[in-house]
Amino acid sequence: MTVASARLIRARDSAVHGLGPDELSRRARSGALVRLRRGSYVETSTWVALSPRARQELMFQVAAEAYGMRLPLWGRSSALLHGLPLKNTPGQDWNDPTHLLGSAASGGRSKNGIVHHRPDGRVRQIVGINGLPCSDVVNTAIDLAVDQEFAWAVAAMDRLLNPRVLSGMAGTGSWDVSESAQTGPVPSARPSQGWALPEETSEPITTTEAPTQPRDRDAAYRLIAQIGNATRRRKLQAVLDFADPGGYLPGESLSRVAMHRYGFPQPELQARFSDRAGLIGYTDFHWRSLGVVGEFDGREKYVKPEYLKGRSPSEVVVAEKLREDRLRRLGLTVVRWVWADLEHPVRLEGLLRQAGLPQTARAEWNLPRT
């Protein structure tokens, strides 16, 4: 039983908790229970204490159970569990819908907080994350690229290609669709086992192999090539062409898209710098021939443990200032920007221009397939 599942009070489990449908409804009306979906409740005190992320996972659990745990999470919902970047993170509002991969007959419909998406011809694996069936990470990134604007689609693909471990990997295992309830990673399914959606043909459209697929550009290109819609295929290929494994934070990806649109030269990502004292660090962007480095100051480095590394936010600020001073002593021009500059990209354009970067009407960047 998963943590999310353990919190649920289901009408069908009356033999366990002794509460019939009428009593559950009465308690929900009185405020003692929160009704998540027909037949699924949680104690109000438990709900109030949950984080937005935990609430969202509970909604995923309820939605998946509504279809016997047979339909995998799709796109935004799957991305949250994998750890891929999203423009607006689900969980801030627990009424965010759950996205599931539906059948060709049911796809495209939204009902009772669940959005079904039609298969588009891609073969996809099902993996289990925290006891929930999810689309594999490569297909999930492609789903996001279909669903999001170009800059955020690039952010998803950058993170997919970046070699750093995704936050969802620790809880990821294979998923056996013959089991309706699973607690997390399970042994690999039988190689011959396929998976067919309800109302579909018997031809499997997904597999349940262990999640060992490569997170590389060629793997994504192969899946995109399976999509029948030519317009969608071209859009996805353009996103993947622009993606760079050197990108990590969404702000870095969005910055790069803005640089290209405003005609600035292509930067080198994660350039290494040292001085007599040793390693200074790696810069987000470097224009080597111009002696300019660029740094995106995201909120993450001042609040997340993996960036703080035991330091206080104020200590990180001081360390960043000392790091910048060392870069300047190498003769480099350092330009920094924040989220507000990305929300108004003309401000980023001004900062880069002031740093001495030239602009052209059409930026010529060396992309993988152009």
Side-chain angles (χ1 to χ4, degrees), residues 85-88 141 144-145 148-162 217 220-221 231 234-275 280-301 320-321 323-370:
L86 296 164
K87 183 175 183 180
N88 297 303
L144 285 181
Q148 298 192 131
E149 63 194 68
F150 184 84
W152 278 97
V154 169
M157 285 296 179
D158 279 356
R159 188 63 189 90
L160 175 74
L161 301 179
N162 187 283
R217 198 182 303 271
Y221 275 128
T231 301
R234 283 193 296 271
K235 175 197 172 182
L236 291 169
Q237 287 171 344
V239 169
L240 191 53
D241 285 347
F242 197 86
D244 192 305
Y248 180 63
L249 295 176
E252 298 169 8
S253 304
L254 271 60
S255 298
R256 210 168 72 256
V257 171
M259 292 169 191
H260 185 267
R261 286 178 174 168
Y262 281 108
F264 289 107
Q266 183 174 10
E268 177 185 342
L269 306 186
Q270 302 303 316
R272 186 181 190 277
F273 287 93
S274 300
D275 58 13
I280 299 174
Y282 297 82
T283 60
D284 295 336
F285 307 97
H286 180 211
W287 291 269
R288 190 174 298 273
S289 64
L290 300 167
V292 177
V293 297
E295 294 278 77
F296 167 70
D297 274 338
R299 181 173 177 268
E300 290 90 346
K301 68 173 62 175
E320 283 293 304
K321 177 64 170 61
R323 176 174 174 270
E324 181 175 326
D325 289 343
R326 291 172 70 186
L327 289 170
R328 292 186 189 280
R329 284 196 290 271
L330 294 178
L332 296 166
T333 297
V334 180
V335 55
R336 309 182 80 98
W337 57 92
V338 296
W339 265 113
D341 300 316
L342 294 181
E343 292 170 349
H344 305 280
V346 66
R347 288 162 52 172
L348 175 59
E349 179 192 19
L351 289 170
L352 296 179
R353 195 166 55 239
Q354 290 170 19
L357 296 184
Q359 288 176 276
T360 58
R362 181 178 175 84
E364 295 295 334
W365 285 29
N366 181 27
L367 300 177
R369 289 165 67 107
T370 58

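All values below come from the heavy atoms of this structure, side chains included, with hydrogens, waters and symmetry mates left out. Here, residue 1 is the first one in the sequence, and each next residue gets the next number. Note that the coordinates shown come from a computational prediction; the quantities given were computed from them, not determined experimentally.
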Check [X] against [Y] and note the closest heavy-atom contact, atom names and distance.
X: Leu290; Y: Pro265; answer: CD1-CG, 4.3 Å
X: Gly247; Y: Leu269; answer: N-CD1, 3.9 Å
X: Val292; Y: Ala355; answer: CG2-O, 3.6 Å
X: Ala145; Y: Met157; answer: CB-CE, 4.2 Å
X: Ala155; Y: Pro250; answer: CB-CA, 4.2 Å
X: Leu160; Y: Ala141; answer: CD2-CB, 3.9 Å

Indicate yes or no: does [X] engage [Y] in a salt bridge with an N to O separation below 4.0 Å.
X: Arg323; Y: Glu320; result: yes
X: Arg328; Y: Glu324; result: yes
X: Arg329; Y: Asp325; result: no

Test item: [X] side-chain N/O and [Y] main-chain N/O as donor-acceptor pair under 3.5 Å:
X: Trp152; Y: Leu254; answer: no
X: Arg256; Y: Phe242; answer: yes
X: Glu252; Y: Phe296; answer: no
X: Arg217; Y: Leu240; answer: yes
X: Arg353; Y: Gln359; answer: no

Starting at [atom1] of [X], measure out to [atom2] of [Y] and round the result to the nearest 0.5 Å.
X: Glu268; Y: Arg288; atom1: CD; atom2: CZ; answer: 4.0 Å
X: Leu330; Y: Asp275; atom1: CG; atom2: CG; answer: 6.0 Å
X: Met259; Y: Phe264; atom1: CE; atom2: CZ; answer: 8.5 Å
X: Leu332; Y: Arg326; atom1: CG; atom2: CZ; answer: 12.5 Å

When you compare the side chain of Asp284 with that of Gln270, does any pair of heavy atoms fall below 4.5 Å?
yes
Residue pair Asp158, Tyr248: steps toward the side chain to side chain contact (heavy atoms under 4.5 Å, CB included) verdict
CA-CA 6 Å; Asp158 279 356; Tyr248 180 63; over 6 Å; no
Please evaluate residues Arg336 and Leu351 with respect to the criterion side chain to side chain contact (heavy atoms under 4.5 Å, CB included), reporting the C-alpha separation (whole Å), side-chain torsions for both, the decisive distance (0.1 Å), and the verdict.
CA-CA 8 Å; Arg336 309 182 80 98; Leu351 289 170; over 6 Å; no
Please report the C-alpha distance between Lys235 and Phe150 in whole Å, then the side-chain angles of each, then the deciding distance to 0.1 Å, and finally whether the side chain to side chain contact (heavy atoms under 4.5 Å, CB included) criterion is met.
CA-CA 9 Å; Lys235 175 197 172 182; Phe150 184 84; 5.8 Å; no
Side chain to side chain contact (heavy atoms under 4.5 Å, CB included), that's the test. Do Glu295 and Val335 meet it? Break it down for me.
CA-CA 6 Å; Glu295 294 278 77; Val335 55; over 6 Å; no
Checking side-chain contact (heavy atoms from CB on, under 4.5 Å) against Leu352, which of Trp337, Phe285, Tyr262 comes through?
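Result: among Trp337, Phe285, Tyr262, Trp337 is the only option passing the side-chain contact (heavy atoms from CB on, under 4.5 Å) with Leu352.
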